[in-house]
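Quick notes on the structure that follows.
Each chain gets a letter, A, B and so on, in the order the sequences are listed, and its residues count up from 1.
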2 protein chains.
Amino acid sequence: MGTHYRGSRHEINALNAYIKLMRAANSITGRLAKGLKPTNLTMTQFSILETLYHLGPMNQRTLGAKVLKSSGNITLVVDNLEKSGLVRRVRSRSDRRFITVSLTKKGKETISEIFPDYLFLIVNEMEIIDDNELKTLENLCKILGLHKREDDKLILEKSY
Amino acid sequence: MGTHYRGSRHEINALNAYIKLMRAANSITGRLAKGLKPTNLTMTQFSILETLYHLGPMNQRTLGAKVLKSSGNITLVVDNLEKSGLVRRVRSRSDRRFITVSLTKKGKETISEIFPDYLFLIVNEMEIIDDNELKTLENLCKILGLHKREDDKLILEKSY
DNA sequence: AGCTAATAGTTTAATATAGAATAGCTTAAA
DNA sequence: TTTAAGCTATTCTATATTAAACTATTAGCT
């Protein structure tokens, strides 16, 4: 098996924390995705609908920054949402480079119906640790998330 | 924008912690993936090489459980690793359903060269919080990760 | 022995994803 | 005004990802 890692106490701690962090994120994401399945929406589709729902219409570039996805990816996912009749694209007349994506009536109805259930799932996942611990976790993750990167906002961020 | 969320203090805390947790995980994963880029390996390819390197040859089913990916996915990624000459497939003679995946000489050399650098990146990401905090984070994430799920091991897990 | 269950892996279809190349549009500079 | 530079979105390529259908193989039961 070759060279196993022999680091300082601090390095080992860092590594273990990393592993548990990733496991928690993967694990929760997996369960939430499963909860989303009956809706026939993928995670990214949901994120986009949710962002438009809470922050209003915006162009694809901004949308990509919000949901942390590449512009090419946004094009595809918005394509699919458009095919499903959940969003609409309107090219700006003042600056024809921009395309504003907005929810259709159907899209609005869909997300407004799904969102509360999704919130419930999230709270359900997290509430096994108490308020102090939630605050602690939030603060530690905030530090780690910002490390060498102050750009790109996050999804649900401004909505509450 | 319609109904914003109005929940209890506890629910709000849960939600905020969730958002920060996901942001941290995404953010770190993104930076690590970028660090991996010069090697021309994807995250999943790296995970598979790393698992084989530290835990030894194993069949695809087990491999999938370790890296938390579907069996169809494993087939594809192992295909690509095989094309690159990094892993080898051998069908078991005792039970011809099983295929044992192992590292080639080239695969062993590759992962043993990359792995220390990758470890360094991880430690570098995490070490901005101190030992106590790392321990706290680890414990909280352990609880969240296990919530309603005791299966599937994790990658680096058994290696140190 | 022969039928049935289960199990490992592959294939397929649909979606996701990043990144690079490209096309169209706008603005600023020459 | 024409050109250059920069920006937005799309396209293309390659890989990832899951779920479901399918194949091959084995194990268990009668």
Side-chain angles (χ1 to χ4, degrees), chain A residues 26-27 29-49 57-84 86-102 152 155, chain B residues 25-27 29-49 57-84 86-102 152:
Chain A
N26 282 341
S27 187
T29 300
R31 292 193 291 267
L32 292 179
K34 204 164 284 182
L36 220 48
K37 242 201 120 199
T39 69
N40 271 328
L41 290 175
T42 66
M43 269 290 194
T44 305
Q45 289 176 347
F46 175 82
S47 297
I48 288 182
L49 292 183
M58 65 184 71
N59 68 60
Q60 299 192 177
R61 209 87 194 169
T62 310
L63 202 45
K66 296 288 180 200
V67 302
L68 303 179
K69 296 291 147 74
S70 69
S71 74
N73 189 11
I74 295 295
T75 295
L76 177 74
V77 180
V78 169
D79 277 354
N80 288 331
L81 287 172
E82 204 175 27
K83 276 177 208 152
S84 309
L86 298 172
V87 304
R88 178 181 20 245
R89 272 193 252 235
V90 178
R91 192 169 283 275
S92 164
R93 293 178 69 80
S94 57
D95 187 335
R96 296 184 42 71
R97 287 172 303 181
F98 289 81
I99 291 182
T100 299
V101 185
S102 57
D152 47 50
I155 320 171
Chain B
N26 282 341
S27 188
T29 300
R31 292 193 291 268
L32 292 179
K34 203 163 285 181
L36 220 47
K37 240 203 123 198
T39 69
N40 271 330
L41 290 175
T42 66
M43 270 287 195
T44 306
Q45 288 176 346
F46 175 83
S47 296
I48 287 182
L49 292 182
M58 65 184 73
N59 67 60
Q60 299 192 177
R61 211 87 193 169
T62 309
L63 202 44
K66 297 287 180 198
V67 301
L68 304 179
K69 295 291 146 72
S70 68
S71 73
N73 191 10
I74 295 295
T75 295
L76 177 75
V77 180
V78 168
D79 277 354
N80 288 332
L81 288 172
E82 204 176 27
K83 276 177 207 153
S84 311
L86 299 172
V87 304
R88 179 180 21 244
R89 273 193 252 233
V90 178
R91 191 170 285 275
S92 164
R93 292 177 67 80
S94 57
D95 186 336
R96 297 185 39 73
R97 287 171 303 180
F98 287 81
I99 290 182
T100 299
V101 185
S102 56
D152 46 52

Checklist entry - CD of A:Gln45 versus C1' of C:dT15: gap in Å, rounded? => result 8 Å
Checklist entry - Between B:Ser71 and B:Arg61, is a side chain to side chain contact (heavy atoms under 4.5 Å, CB included) present by the stated rule, with each step listed? => result CA-CA 6 Å; B:Ser71 73; B:Arg61 211 87 193 169; 3.7 Å; yes
Checklist entry - Which pair of heavy atoms, one from B:Lys66 and one from B:Met58, lies closest together, and at what distance? => result CG-SD, 4.0 Å
Item to check | Length of the line joining A:Arg61:CZ and C:dC25:C1', which is rounded to integer Å | outcome: 14 Å
Next on the checklist: Any base atoms under 4.0 Å from B:Asp95, or only sugar-phosphate, or nothing? Heavy atoms, all strands.
Outcome noted: sugar-phosphate
Next on the checklist: What is the separation between atom CZ on B:Phe46 and atom P on C:dA18, rounded to the nearest whole Å?
Outcome noted: 20 Å
Checklist entry - Base, sugar-phosphate alone, or nothing: which one does A:Thr75 contact when heavy atoms must sit under 4.0 Å apart? => result base
Checklist entry - Looking at residues at least two apart in the chain, or sitting in another chain, which of them share a side chain to side chain contact (heavy atoms under 4.5 Å, CB included) with B:Thr100? => result B:Pro57
Next on the checklist: Nearest whole Å is fine: how far is C:dA18 P from B:Leu36 CG?
Outcome noted: 15 Å
Checklist entry - What nucleic acid atoms does A:Ser70 come within less than 4.0 Å of, heavy atoms only: base, sugar-phosphate, or nothing? => result base
Item to check | Shortest non-hydrogen contact from B:Arg88 toward B:Glu82 | outcome: C-OE2, 4.5 Å
Checklist entry - Looking across every strand, which nucleic acid part, if any, lies under 4.0 Å from A:Ser71 by heavy atom: base, sugar-phosphate, or nothing? => result base
Checklist entry - How long is the line joining CG of A:Leu41 and C1' of C:dA16, in whole Å? => result 14 Å
Checklist entry - So which heavy atom on B:Val87 is nearest to which on B:Val78, and how close? => result CG2-O, 4.0 Å
Checklist outcome for this item: Winner on side-chain proximity to A:Arg96, out of C:dG19, C:dC25, C:dG9, is C:dC25
Checklist entry - Which comes earlier along DNA chain D counting from the 5' end, the contact point of B:Ile74 or that of B:Arg93, where each point is its nearest nucleotide? => result B:Ile74
Item to check | Min side-chain heavy-atom separation B:Arg97-B:Asn59 under 4.5 Å | outcome: no
Checklist entry - Once you round it to whole Å, what is the distance between P of C:dT10 and CZ of B:Arg97? => result 14 Å
Item to check | Derivation of the side chain to side chain contact (heavy atoms under 4.5 Å, CB included) call for A:Lys83 and A:Asn80 | outcome: CA-CA 5 Å; A:Lys83 276 177 208 152; A:Asn80 288 331; 3.7 Å; yes
Item to check | Pair assignment for D:dA21, Watson-Crick or G-U wobble, requiring both distances under 3.5 Å | outcome: C:dT10
Checklist entry - Can B:Val101 and B:Ile74 be said to form a side chain to side chain contact (heavy atoms under 4.5 Å, CB included), step by step? => result CA-CA 11 Å; B:Val101 185; B:Ile74 295 295; over 6 Å; no
Next on the checklist: Pairing check on D:dA14: which nucleotide meets the Watson-Crick or G-U wobble criteria with it, both distances under 3.5 Å?
Outcome noted: C:dT17
Item to check | Syn/anti label of D:dA5 as read from its glycosidic torsion, with the cut at 90° from 0 | outcome: anti
Next on the checklist: What is the separation between atom CG on B:Leu76 and atom P on C:dA16, rounded to the nearest whole Å?
Outcome noted: 18 Å
Next on the checklist: What contact category does B:Ile99 fall into here, base, sugar-phosphate, or nothing, at under 4.0 angstrom with non-hydrogen atoms?
Outcome noted: sugar-phosphate
Item to check | Pairwise 5' ranking along DNA chain C for B:Asn59 and A:Val77, keeping only the more 5' one | outcome: B:Asn59
Checklist entry - What is the distance, rounded to the nearest whole Å, between atom CG of A:Asn80 and atom C1' of C:dA16? => result 9 Å
Next on the checklist: Applying a 4.0 Å non-hydrogen cut-off, can you work out what B:Lys37 is touching in the nucleic acid: base, sugar-phosphate, or nothing?
Outcome noted: sugar-phosphate
Checklist entry - Contact boundaries of DNA chain D with chain A (under 4.0 Å, heavy atoms), 5' to 3'? => result D:dG6 to D:dA20
Next on the checklist: Over all strands shown, is A:Ser94 touching base, sugar-phosphate only, or nothing at heavy-atom distances under 4.0 angstrom?
Outcome noted: sugar-phosphate
